[in-house]
Colleague: 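Have a look at this one.
We use all heavy atoms of the structure for the numbers below, so side chains are in, but hydrogens, waters and symmetry mates are not.
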Amino acid sequence: MSRPELVAPPEIYYGDVEAKKYTNNSRIQQIQADMTYRALELLNLPPDEPAFLLDIGCGSGLSGEILDEEGHLWAGLDIAPSMLEVALEREVEGDLFLQDIGQGIGFRPGSFDGAISIRRFDNTLRRSISVLQWLLNAETSHPTSSPPHRLTRFFTTLHAALKNPSRAVLQFYPTSDDQIQLITSIAQKAGFGGGIVVDYPNSKKARKVFLCLFVGGGGGAQQVPKGLEGEEEDEGRVQFEKRRERLKAKSGGKRKNIKDKDWILKKKELYRQRGKESVPNDSKYTGRKRKPVF
């Protein structure tokens, strides 16, 4: 008797197919890259220093690739196994975690130098949503599964997981002023300062909304960044493209060349802080360039 063929349940197969379609879509890749660069700009990280960042709703790792290019380490959270499976197939550099952020974020206090969240793909809805939108959907009628409880758990544990000072930049799609008020008030109760940044407010197509949150460094006394102005997002896209072209020109068309000795030492120290094993010891040869062999 022949062995029966194992067939994945339709919902799992469907999720994998849609996740791959989403990831391989060139327009999605471009939009994700643009918004990730904008989120990094709003994070205002120290220049030319590798940071350890949290990508919330990381999906298949499209934003993570930009973080890699910019020289950062990252960890990603997502609730969709199909998206994380695609990320593993693509061999992204970040550490991946399957987690429901509505139950809180389970990291040690002060683990991250910053956090971002760009839109993620929802297999059930078959469209992109933000993690904040997802948190606003009640799972059950039980009070602890209500949107305020889910948002409270999320923001409280996120605040604890971030270093002081640092920032979190969460892109989302608010449907009303009441929704914005609910999200920002719960974030403030969790200890965050900051507020809403709106890019291209006069354009229905290009309008983007970011929740820019501050930990420490004055809290609410910090000035919320200004949104980009104009009718279209082409201006911002041109800005990012020019930046990438300048970096390519400096590196001869290769990735950003920041891997000098100081950069390597900082990255190794970040690995040690994360408890990673087999990090090479520092020596006088660290970051030393090899002479060409003829």
Colleague: Under 3.5 Å, is there a donor-acceptor pair between the side chain of D113 and the main chain of L53?
Modeller: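 Flag not set: sc D113 to bb L53 has no pair under 3.5 Å.
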
Colleague: Examine the side chains of Q30 and D34 and answer whether a donor and an acceptor come within less than 3.5 Å of each other.
Modeller: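 There is such a pair (donor and acceptor under 3.5 Å, judged by atom type) between the side chains of Q30 and D34.
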
Colleague: Within the distance-only criterion (no hydrogens, no angle test), does the side chain of Q29 pair as donor or acceptor with the backbone N or O of T23 below 3.5 angstrom?
Modeller: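 Side chain of Q29 to backbone of T23: a pair is present.
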
Colleague: Taking CD in E93 as the centre, count heavy atoms belonging to other residues, nucleotides or ligands within less than 6.0 Å. Is the count above 12?
Modeller: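 It does not: E93 CD has 12 such atoms or fewer within range.
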
Colleague: Please answer whether the main-chain N or O of G59 pairs with a side-chain N or O of D78 as donor and acceptor at a distance below 3.5 Å.
Modeller: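 Present.
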
Colleague: Once you round to the nearest 0.5 Å, how far does OG of S145 lie from CG of N137?
Modeller: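 It is 12.0 Å, given to the nearest 0.5 Å.
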
Colleague: With the 4.5 Å side-chain cut-off for hydrophobic clustering, are V86 and I79 part of the same group?
Modeller: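 Not linked; separate clusters.
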
Colleague: Under the 3.5 angstrom rule, does the side chain of R90 hit a backbone N or O of S60 as a donor-acceptor pair?
Modeller: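 It does hold such a pair.
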
Colleague: Would you say D199's side chain and G227's backbone share a donor-acceptor pair under 3.5 angstrom?
Modeller: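 A pair under 3.5 Å: no.
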
Colleague: With distance as the sole test, does T184 use its side chain to make a donor-acceptor pair with the main-chain N or O of Q181 at under 3.5 Å?
Modeller: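 Yes; at least one donor-acceptor contact below 3.5 Å.
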
Colleague: Between R153 and R150, is the side-chain contact (heavy atoms from CB on, under 4.5 Å) condition met? List the steps.
Modeller: CA-CA 5 Å; R153 284 192 294 263; R150 287 158 61 81; 3.6 Å; yes

Colleague: Donor-acceptor pair, H72 side chain versus L67 backbone, under 3.5 Å?
Modeller: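 A pair under 3.5 Å: no.
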
Colleague: Has the side chain of R167 got a donor or acceptor atom that lies under 3.5 Å from a matching backbone atom of L42?
Modeller: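 Present.
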
Colleague: I need the minimum non-hydrogen distance between I129 and W134, along with the two atoms involved.
Modeller: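 Nearest heavy atoms, I129 then W134: CD1-CB, 3.8 Å.
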
Colleague: Distance only, no hydrogens: is a donor on one side chain within 3.5 Å (strictly under) of an acceptor on the other, for W74 and D95?
Modeller: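 Side-chain D/A pair, W74 to D95: absent.
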
Colleague: How many angstroms lie between CZ in F97 and CG in D55, if you round to the nearest 0.5 Å?
Modeller: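 Taking CZ in F97 and CG in D55, the distance rounds to 12.5 Å.
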
Colleague: Under a 3.5 Å cutoff, is there a donor and acceptor pairing between the side chains of S146 and H149?
Modeller: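 Yes, side-chain donor-acceptor contact under 3.5 Å.
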
Colleague: What do you reckon, are the aromatic ring centroids of F214 and F192 less than 6.0 Å apart?
Modeller: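 No, the ring of F214 stays outside the 6.0 Å limit from the ring of F192, centre to centre.
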
Colleague: So, the side chain of T36 versus the backbone of Q32: is there a donor-acceptor pair under 3.5 Å, distance only?
Modeller: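 At least one qualifying donor-acceptor pair exists.
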
Colleague: Do Q179 and T175 have a side chain donor and acceptor closer than 3.5 Å?
Modeller: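 Q179 vs T175: donor-acceptor pair found between side chains.
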
Colleague: Is there a donor-acceptor pair closer than 3.5 Å between any side-chain N or O of S117 and the backbone N or O of I56?
Modeller: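 Indeed, once roles are kept as given, a pair shorter than 3.5 Å links the two residues.
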
